[in-house]
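Below: the structure, in structure tokens.
Computed from heavy atoms alone, side chains included, the values below leave out hydrogens, waters and symmetry copies.
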Amino acid sequence: MGSGMDVVELARIWRGPVVESIHHGVVAVADTQGRLVEAWGDPDWAPTPRSSLKPFQAVALVESGAADALRLTDSHIALACASHHAQPFQVALVKEWLGKLGMTEDALVCGPALPRNIADQATAFAQGGPRRIFHNCSGKHCGFLTVAKHLGAGLDYGNPDHPAQRLYMEVLTEFTGLAPGAIPLCGDGCALPAAAVPIAAMARAMARLGVAEAGTAKRRDAARRVVEAMAAHPDNLASRDSSTARLIRRTGGNVVCKGGAEGYVVASIRDNGLGIAIKVADGDPEGRAKMGVLARLLGRLGVLPVDEAEALVADVAPRIADSNGSQVGRVEITIERPLR
């Protein structure tokens, strides 16, 4: 890695009988007190979880009173947690949200983008091309815009010193257990600040989020609503029948999870108060490893029977196919033994 952190093998990519690629990374499983139940690699590595932080931003949206003031539904709350594919139902929800605010998409700080799906891209070009509402983070941006308007604090919510950003960072520091001011900020791809958090601390934060463990009743209620929204509307989080939606549904909503760019994914196991954070070191740009690793852990931790977890591993792994759609390879999840 060149910077001293330890990583372990997580997955192998096979093409026919040949191992073509190997993904390495770090995994942490922690309880609400921050005790590591299991860890592979260096859990103190502090990359940016990117969009895996969105549930905590949504907690601030609910806690502030802004969500109720605008009469947002749980479907909106789930969209605030989303890295959505700009499918028609998601774009319609973004438009509805902006309508509630009495604003246009020009108020969103995120830049113009295109939908993920090719057919939706063709429709977008036929209607004028890239738009801010198609950005995968537009739900999150609607959330920050809602808090900014509710607080009467100006609409420059991308400024790290904006009250909406400060409230979110208060939420994040409580759930991670990190000291205020101890979280470095970088720039995210959607033009908002991106926090850098140790992987172990993210696992703890997800453990606490899943059981709504926080210092005030208002924050506990907000965390509970965010998790319930994610469990009730899993298609909002990425796309219809995405690997994220499949995993949440397969566990009956007992596990909620959220992916982030550069090979990140986090999960809360609600019935046992554990949190999981996974970082694939090479960024896993095609998402070939992280969801399979998460599914494997659900069997290892007893969340699902092992045979069901292994079936889920296969279900969330992307196909490796040629240009005619014929399968030519497979993803093998290799994480097995913990280092501690």
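- Residue pairs meeting the salt bridge (charged side-chain N to carboxylate O under 4.0 Å, His left out) criterion with at least one member in residues 172-186, sequence neighbours excluded: E174-R219.
- Panel note: side chain D74, backbone I77; no donor-acceptor pair is recorded below 3.5 Å.
- A distance of 5.0 Å separates CG of L312 from CZ of R250, quoted to the nearest 0.5 Å.
- Between M202 and V266, the shortest heavy-atom distance links the atoms CE-CG1, 3.9 Å.
- In the hydrophobic clustering of this structure, W14 does not group with I333; members are Ile, Leu, Val, Met, Phe, Trp, Tyr whose side-chain heavy atoms approach within less than 4.5 Å, directly or through other members.
- For the atom pair CZ of F134 and SG of C110, the computed distance is 12.0 Å after rounding to the nearest 0.5 Å.
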For E38 and L301, what are the C-alpha separation, side-chain angles and deciding distance, and is it a side-chain contact (heavy atoms from CB on, under 4.5 Å)? CA-CA 10 Å; E38 291 194 305; L301 296 170; 4.1 Å; yes

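- Between D31 and R208 there is no salt bridge, since no side-chain N of the basic residue sits under 4.0 Å from a carboxylate O of the acidic one.
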Assess whether side-chain contact (heavy atoms from CB on, under 4.5 Å) is satisfied between L145 and L98, documenting all intermediate values. CA-CA 9 Å; L145 192 59; L98 288 169; 4.2 Å; yes

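- Remark: the backbone N or O of G259 is not paired with any side-chain donor or acceptor of K54 at under 3.5 angstrom.
- Residues passing the side-chain contact (heavy atoms from CB on, under 4.5 Å) test with T123, sequence neighbours excluded: Q127.
- Both M103 and L108 are part of a single hydrophobic cluster, where members link through side-chain heavy atoms under 4.5 Å apart.
- Considering every non-hydrogen atom in both P55 and S52, the closest pair reads CD-O, 3.4 Å.
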Begin with the C-alpha distance, continue with both residues' side-chain angles, and end with the deciding distance and a verdict on side-chain hydrogen bond (donor to acceptor under 3.5 Å, both in side chains) for K140 and S51. CA-CA 9 Å; K140 171 182 80 172; S51 288; 5.4 Å; no

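- The pair K218-D221 fails the salt-bridge criterion, with no side-chain N (NZ, NE, NH1 or NH2) lying under 4.0 Å from an Asp/Glu carboxylate O.
- Residues L167 and L101 do not share a hydrophobic cluster, defined by chaining ILVMFWY side chains whose heavy atoms lie under 4.5 Å apart.
- One hydrophobic cluster holds both L155 and V94 under the rule that ILVMFWY side chains link at heavy-atom gaps under 4.5 Å.
- Residue pairs meeting the ring-ring contact (aromatic ring centres under 6.0 Å, His included) criterion with at least one partner in residues 64-85, sequence neighbours excluded, are H76-W97.
- The side-chain hydrogen bond (donor to acceptor under 3.5 Å, both in side chains) test applied to D282 returns H23, not counting sequence neighbours.
- Heavy-atom minimum distance, V313 versus G292: CG2-O, 3.6 Å.
- Within the model, atoms OG of S138 and CD of Q90 stand 8.5 Å from one another, a figure rounded to the nearest 0.5 Å.
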Checking L298 against V255 for the side-chain contact (heavy atoms from CB on, under 4.5 Å) test, could you report, in this order, the C-alpha distance in whole Å, the side-chain angles of both residues, the deciding distance, and whether it holds? CA-CA 9 Å; L298 298 185; V255 177; 4.1 Å; yes

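- In this structure, R166 contributes its side chain and D161 its backbone to a donor-acceptor pair below 3.5 Å.
- Evaluation of the ring-ring contact (aromatic ring centres under 6.0 Å, His included) rule for H141 yields Y157 as partners, not counting sequence neighbours.
- At a threshold of 4.0 Å, the pair E20-R12 does not count as salt-bridged, since none of the basic side-chain nitrogens sits closer than that to a carboxylate oxygen.
- No path of Ile, Leu, Val, Met, Phe, Trp and Tyr side chains, each step under 4.5 Å between heavy atoms, connects L36 with V211, placing them in separate hydrophobic clusters.
- Note that the CG atom of N236 and the CD atom of Q87 stand 10.0 Å from one another [nearest 0.5 Å].
- Distance check: I335 CD1 to E332 CD gives 13.0 Å after rounding to the nearest 0.5 Å.
- Side-chain contact check for L72 versus L61: some heavy-atom pair is nearer than 4.5 Å.
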For K258 and T244: C-alpha separation, side-chain torsions, deciding distance, then whether side-chain hydrogen bond (donor to acceptor under 3.5 Å, both in side chains) applies. CA-CA 7 Å; K258 181 66 190 76; T244 295; over 6 Å; no

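- By the side-chain hydrogen bond (donor to acceptor under 3.5 Å, both in side chains) test, D284 pairs with no residue at all, sequence neighbours left out.
- Sequence neighbours left out, the pairs with a member in residues 94-111 that pass salt bridge (charged side-chain N to carboxylate O under 4.0 Å, His left out) are E105-R131.
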With a 3.5 Å cut-off and sequence neighbours excluded, list the donor-acceptor pairs that the side chains of residues 270-278 form with protein atoms.
{"from": "R270", "atom 1": "NH1", "to": "G253", "atom 2": "O", "distance (Å)": "2.8"}
{"from": "R270", "atom 1": "NH2", "to": "E228", "atom 2": "OE2", "distance (Å)": "2.6"}
{"from": "D271", "atom 1": "OD1", "to": "N254", "atom 2": "ND2", "distance (Å)": "3.3"}
{"from": "D271", "atom 1": "OD2", "to": "N254", "atom 2": "ND2", "distance (Å)": "3.3"}
{"from": "N272", "atom 1": "OD1", "to": "L274", "atom 2": "N", "distance (Å)": "3.2"}

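- Looking only at side-chain heavy atoms (C-beta outward), M291 and C257 come within less than 4.5 Å of each other.
- Across all their heavy atoms, P47 and I199 have their closest contact at CD-CG1, 3.9 Å.
- Crowding of R116 atom CZ: a count of heavy atoms from other residues, nucleotides or ligands under 6.0 Å not exceeding 12.
- Every salt bridge (Lys or Arg N to Asp or Glu O under 4.0 Å) that R246 has, sequence neighbours left out, goes to D241, D315.
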Under 3.5 Å, side-chain donor or acceptor atoms of residues 175-185 against the rest of the protein: list the pairs with distances, not counting sequence neighbours.
{"from": "T176", "atom 1": "OG1", "to": "L172", "atom 2": "O", "distance (Å)": "2.8"}
{"from": "T176", "atom 1": "OG1", "to": "T173", "atom 2": "O", "distance (Å)": "3.3"}
{"from": "T176", "atom 1": "OG1", "to": "L178", "atom 2": "N", "distance (Å)": "3.3"}

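- In terms of heavy atoms, S326 sits closest to R319 at C-NH2, 4.1 Å.
- Under the rule for a salt bridge (Lys or Arg N to Asp or Glu O under 4.0 Å), D156 has no partner lying at least two apart in sequence or in another chain.
- For R50 and D188, the salt-bridge test passes: some basic side-chain N is under 4.0 Å from an acidic carboxylate O.
- Taking 4.5 Å as the limit, some side-chain heavy atom of D68 sits within range of a side-chain heavy atom of R225.
- For the atom pair L114 CG and H135 NE2, the distance stands at 11.0 Å (nearest 0.5 Å).
- Across V147 and A164, no two heavy atoms sit closer than the pair CG1-CB, 3.7 Å.
- Listed by chain and number, the residues in a side-chain hydrogen bond (donor to acceptor under 3.5 Å, both in side chains) with S242 amount to none (sequence neighbours excluded).
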